[in-house]
Amino acid sequence: MKKESAVFIVCLMLIAMPWVQSKSEGPKEVEEWFKELPLKKEKVTKLHFYFHDNTSGPNQTAFQIAESNISSTTVTQFGRTFMFDNLLTVEPDARSTRIGKGQGFFGAASFEEPRFLMNLNFVFTQGKYNGSTLQFLGTNPILHQVREMSIVGGTGVFRLARGVATAQTYFFKGSSSIVEYDFVVVHY
């Protein structure tokens, strides 16, 4: 019975993932899109939203997945790494309109100051960007008032995206934080 349940769950995930994760088109549709690319105009889109992160407690959204053998001996916890699935909202209040999830990982990557290496996928689940994603990769010096990170790609509406994300800590207490994000994204 356990084997049948596991097979059913895997099949259900494979069927549901394209609907939940991203706008999915087959290879032929993507190839056609690229053929039309020289005729397309670049667009600039500005986005503003809030990212809710909890590393402990009943509403935990980020979980430690690794640490180095020296993490506990360094001021910056070098090597400590978390995987997260955080809520994105239009206002700082977690009860405000939900527009998606911020999914990825961050790890302490500096000996000198608290600075995370972040690989983050913004998965939009509501509104005109529903089914689209934006990806960024970069360093996040978390004690700086404003941090700038690179948008390195996207899917759906944001196919071939590039741009800049700025982050500001809106709220921080204990293991909970709310980060305000502003994006300027160039896409087709």
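Just the heavy atoms: all of them, side chains too, but no hydrogens, waters or symmetry mates, feed the values below. Just so you know, residue 1 is the first one in the sequence shown, and it goes up from there.
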- Message: Does atom NZ (Lys40) have a neighbourhood of more than 12 heavy atoms from anything else shown, all under 6.0 Å?
- Response: yes
- Query: Is the backbone N or O of Trp33 less than 3.5 Å from a side-chain atom of Glu36, with the two atoms forming a donor-acceptor pair by type?
  - Reply: no
- Item | Non-hydrogen side-chain atoms of Val157 and Asn130 separated by less than 4.5 Å | no
- Note on the structure: On a heavy-atom basis, the closest approach of Ser56 and Ser175 is OG-OG, 2.7 Å
- Task: Look up atom NE2 in His48 and atom OG1 in Thr166, then write down how far apart they are to the nearest 0.5 Å.
- Result: 9.5 Å
- Message: Is there a path of hydrophobic side-chain contacts, each under 4.5 Å between heavy atoms, that joins Phe122 and Leu87?
- Response: no
- Hey, any chance Ile178 and Phe51 share a hydrophobic cluster, counting ILVMFWY side chains that come within less than 4.5 Å of each other, even indirectly? no
- Task: Applying side chain to side chain contact (heavy atoms under 4.5 Å, CB included), run through Leu120 and Phe105 and close with a yes or a no.
- Result: CA-CA 7 Å; Leu120 180 50; Phe105 65 86; over 6 Å; no
- Under a 4.0 Å N-O cut-off, is there an ion pair linking Arg159 with Glu25? yes
- Any Val90 side-chain heavy atom under 4.5 Å of Ile99 side chain: yes
- Task: Determine the minimum heavy-atom distance between Thr76 and Phe111, stating which atoms define it.
- Result: CG2-O, 3.6 Å
- Query: When the ring centroid of Tyr181 is compared with that of Tyr50, is the distance short of 6.0 Å?
  - Reply: no
- Message: Assess the residue pair Phe136 and Val164 against the criterion (side chain to side chain contact (heavy atoms under 4.5 Å, CB included)); give the C-alpha distance rounded to whole Å, side-chain angles, the decisive distance to 0.1 Å, and a yes or no.
- Response: CA-CA 9 Å; Phe136 83 59; Val164 175; over 6 Å; no
- Query: Any side-chain heavy-atom pair from Leu88 and Val123 closer than 4.5 angstrom?
  - Reply: no
- Carefully, step by step, assess Asp53 and Thr61 under the rule side chain to side chain contact (heavy atoms under 4.5 Å, CB included). CA-CA 6 Å; Asp53 188 50; Thr61 59; 4.0 Å; yes
- Query: Would a 4.5 Å heavy-atom cut-off, applied to side chains only, mark Glu113 and Pro141 as touching?
  - Reply: yes
- Task: State plainly whether one hydrophobic cluster holds both Leu160 and Val30, where clusters connect Ile, Leu, Val, Met, Phe, Trp and Tyr through side-chain heavy atoms under 4.5 angstrom apart.
- Result: yes
- Message: Between Lys46 and Asp182, is there a side-chain heavy-atom distance shorter than 4.5 Å?
- Response: no
- Of all the heavy-atom pairs spanning Leu134 and Phe124, show the shortest one and how long it is. CD1-CE1, 4.0 Å
- Task: Show your working on salt bridge (Lys or Arg N to Asp or Glu O under 4.0 Å) between Glu91 and Arg98 and close with a plain yes or no.
- Result: CA-CA 9 Å; Glu91 298 293 334; Arg98 297 175 179 199; over 6 Å; no
- Message: Before you tell me yes or no, could you show the steps for His187 and Thr45 under side chain to side chain contact (heavy atoms under 4.5 Å, CB included), namely the whole-Å CA-CA distance, both residues' side-chain angles and the distance that decides it to 0.1 Å?
- Response: CA-CA 8 Å; His187 60 99; Thr45 299; 2.6 Å; yes
- Which atom pair, heavy atoms only, marks the closest approach of Gly174 to Phe172? O-CZ, 3.4 Å
- Item | Aromatic contact, Phe63 with Phe84 (centres under 6.0 Å) | no
- For the residue pair Phe158 and Tyr188, is the inter-centroid distance of their aromatic rings smaller than 6.0 Å? no
- Query: So do the side chains of Val185 and Lys43 get within less than 4.5 Å of each other, counting heavy atoms only?
  - Reply: no
- Item | Spatial distance of atom CD (Gln60) from atom CG (Asn54) [nearest 0.5 Å] | 8.0 Å
- Aromatic ring pairing Phe106/Phe82, orientation class (parallel under 30°, perpendicular over 60°, tilted between): parallel
- Rounded to the nearest 0.5 Å, what separation is found between the CZ atom of Phe171 and the OG atom of Ser177? 8.5 Å
- With salt bridge (Lys or Arg N to Asp or Glu O under 4.0 Å) as the test, would you mind laying out the steps for Glu31 and Lys28 before giving the verdict? CA-CA 5 Å; Glu31 187 176 332; Lys28 289 183 182 180; over 6 Å; no
- May I ask you to check whether Arg162 and Ser150 show a side-chain donor-acceptor distance below 3.5 Å? no
- Task: State plainly whether one hydrophobic cluster holds both Val184 and Val186, where clusters connect Ile, Leu, Val, Met, Phe, Trp and Tyr through side-chain heavy atoms under 4.5 angstrom apart.
- Result: yes
- Which heavy atom in Ala167 sits nearest to a heavy atom in Met149, and how many Å separate them? CB-CE, 3.7 Å
- Test side chain to side chain donor-acceptor pair (under 3.5 Å) applied to His52 and Thr89, Asn86, Asp93, Asn59, the passing residue: Thr89
- Over 12 non-hydrogen atoms of neighbours within 6.0 angstrom of CD in Gln145: no
